[in-house]
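These notes concern the structure reproduced below.
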Amino acid sequence: MQEKAYKLLAAQENISHNEAKALIDAGLVSARGAKIALAREMLGENTKFSVMKPAKPAIIYEDENVLAVNKPPFMSSENLEKIYKFGLLNRLDKETSGVVLLYKNEEFREAAIAEFKNLRVKKSYIAIVKGIVSEEMKFGEPILTIKTRSGAFSKISPNGKSAFSEVYPLMVSGKKSLVKVRIETGRTHQIRVHLANAGFGVIGDEKYAKSRAKRMFLHSYETEILGLKFKAPLDKSFNEFGFEIPKDL
């Protein structure tokens, strides 16, 4: 016998159907080691679910101009505006963790936006990817983003905007690699598209790498802007595949 995932979860956790749907939609529910993507997915009635508790954002740095926050996965960047009552300077995908900046005054906002537009912001990410990455890689394929009702979708296209990513190998465990990615541009889903196109899709990236996991293993690690450098530590989930993550990458 099969039943919809949210109904099975509601029965297991003794919660309402709406609460069960919200947990699944937030990406917090997994079964057999893979995240449940759809609340209406049909599953066996004996399915056992694992429900993660959403982590809380942590303040990395704060002064009179800017607030830097380490955003956990499964939280939208817009939620940070509601929590801290400041405006966003940058956004991360809901599934991506790491550095998000919020501005406290219009003067800093304008200065920061100019830095982003002129590609003077230095950004690096940490990712766990499929395959063995043994040497540095550089990608310069242009990326075209299409807005759809279900969200943005990006692809490599000669009609796209310029996009530059540099990938540096850090560690290998089994047939997975821990890499650092530096980007000069910030196109929508840029890292995910470049890596998937090269055959090294991000683990947990269902959209481009067709990979299911408890989370998407992409983290905005370091951002440098206007003489300030912000670093967001990795959470323990990055140790899941046997990687011993050093404190400083």
Side-chain angles (χ1 to χ4, degrees), residues 1-59 69-84 88 91-98 100 126-130 147-154 173-176 178 188-189 192 196 201-220 232-243 245:
M1 293 286 290
Q2 288 196 323
E3 183 55 272
K4 293 182 176 67
Y6 74 89
K7 291 184 178 180
L8 295 171
L9 177 64
Q12 175 183 298
E13 298 294 314
N14 195 26
I15 57 178
S16 71
H17 286 175
N18 285 339
E19 288 174 316
K21 286 179 181 177
L23 287 170
I24 293 172
D25 290 344
L28 296 170
V29 181
S30 60
R32 298 184 295 276
K35 187 173 66 176
I36 302 300
L38 298 172
R40 294 181 177 276
E41 183 176 345
M42 299 300 292
L43 297 171
E45 60 182 8
N46 294 322
T47 299
K48 299 298 182 184
F49 298 97
S50 174
V51 181
M52 288 185 287
K53 293 182 178 179
K56 295 182 179 179
I59 294 176
V69 175
N70 187 354
K71 183 187 84 65
F74 313 114
M75 175 181 285
S76 71
S77 296
E78 287 73 19
N79 267 8
L80 299 176
E81 289 185 312
K82 298 175 183 177
I83 294 170
Y84 296 107
L88 287 169
R91 289 173 171 80
L92 296 176
D93 297 333
K94 186 176 182 179
E95 305 97 327
T96 304
S97 54
V100 174
I126 303 296
I128 298 177
V129 302
K130 296 178 180 179
K147 304 291 185 180
T148 69
R149 288 184 179 181
S150 59
F153 182 84
S154 296
S173 178
K175 293 184 179 180
K176 297 179 178 65
L178 184 77
T188 301
H189 303 161
R192 296 162 63 185
V202 176
I203 300 297
D205 182 1
E206 297 180 13
K207 181 173 284 189
Y208 301 107
K210 309 303 180 189
S211 171
R212 295 184 70 178
K214 291 182 179 179
R215 64 159 293 184
M216 185 170 72
F217 288 89
L218 181 62
H219 178 82
S220 176
L234 290 164
D235 64 53
K236 293 180 180 178
S237 68
F238 272 76
N239 294 316
E240 181 170 335
F241 300 106
F243 294 105
I245 310 295

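Count residues from 1 along the sequence. What you are looking at is a predicted structure, and each value in this text was computed from that prediction instead of being measured.
- Closest approach of R215 and E95 over heavy atoms only: NH2-O, 3.9 Å.
- A pairwise comparison of heavy atoms in G98 and H219 identifies CA-CE1, 3.5 Å as the closest pair.
- Contacts of Y208 classified as ring-ring contact (aromatic ring centres under 6.0 Å, His included), with partners at least two apart in sequence or in another chain: F153, H189.
- Residues passing the ring-ring contact (aromatic ring centres under 6.0 Å, His included) test with F241 are F217, sequence neighbours excluded.
- Shortest non-hydrogen contact noted between L218 and F238 is N-CZ, 3.9 Å.
- Between the side chain of Q12 and the main chain of F49, a donor-acceptor pair closer than 3.5 Å is present.
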Quick one: side chains of residues 14-27, donor-acceptor pairs under 3.5 Å with protein atoms, not counting sequence neighbours, listed by atom name and distance.
residue: S16; atom: OG; partner: E19; partner atom: N; Å: 3.1
residue: S16; atom: OG; partner: E19; partner atom: OE1; Å: 3.3
residue: E19; atom: OE1; partner: S16; partner atom: N; Å: 2.9

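- Within the 4.5 Å cutoff, no side-chain heavy atoms of V29 are placed close to those of Y6.
- Applying the side-chain hydrogen bond (donor to acceptor under 3.5 Å, both in side chains) test to N70 and every residue at least two apart in sequence or in another chain returns nothing.
- To the nearest 0.5 Å, atoms CD (E3) and CG (L43) are separated by 9.5 Å.
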With a cut-off of 3.5 Å and sequence neighbours excluded, list every side-chain donor-acceptor pair involving residues 71-78.
residue: K71; atom: NZ; partner: M75; partner atom: O; Å: 2.7
residue: K71; atom: NZ; partner: D93; partner atom: O; Å: 3.4
residue: K71; atom: NZ; partner: K94; partner atom: O; Å: 3.2
residue: K71; atom: NZ; partner: T96; partner atom: O; Å: 2.7
residue: S76; atom: OG; partner: N79; partner atom: N; Å: 3.3
residue: S77; atom: OG; partner: L92; partner atom: N; Å: 2.9
residue: S77; atom: OG; partner: L92; partner atom: O; Å: 3.1
residue: E78; atom: OE2; partner: R91; partner atom: NE; Å: 2.7

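- Here the side chain of S173 pairs no donor or acceptor atom with the backbone of F243 at under 3.5 angstrom.
- Note: L178 CG to I203 CD1 = 11.5 Å, rounded to the nearest 0.5 Å.
- Note that CE of M1 is 10.5 Å distant from CG of L8, once rounded to the nearest 0.5 Å.
- Between K130 and S211, the closest heavy-atom pair is CE-CB, 3.8 Å.
- Applying the side chain to side chain donor-acceptor pair (under 3.5 Å) test to residues at least two apart or on different chains, none of the pairs has a partner in residues 26-52.
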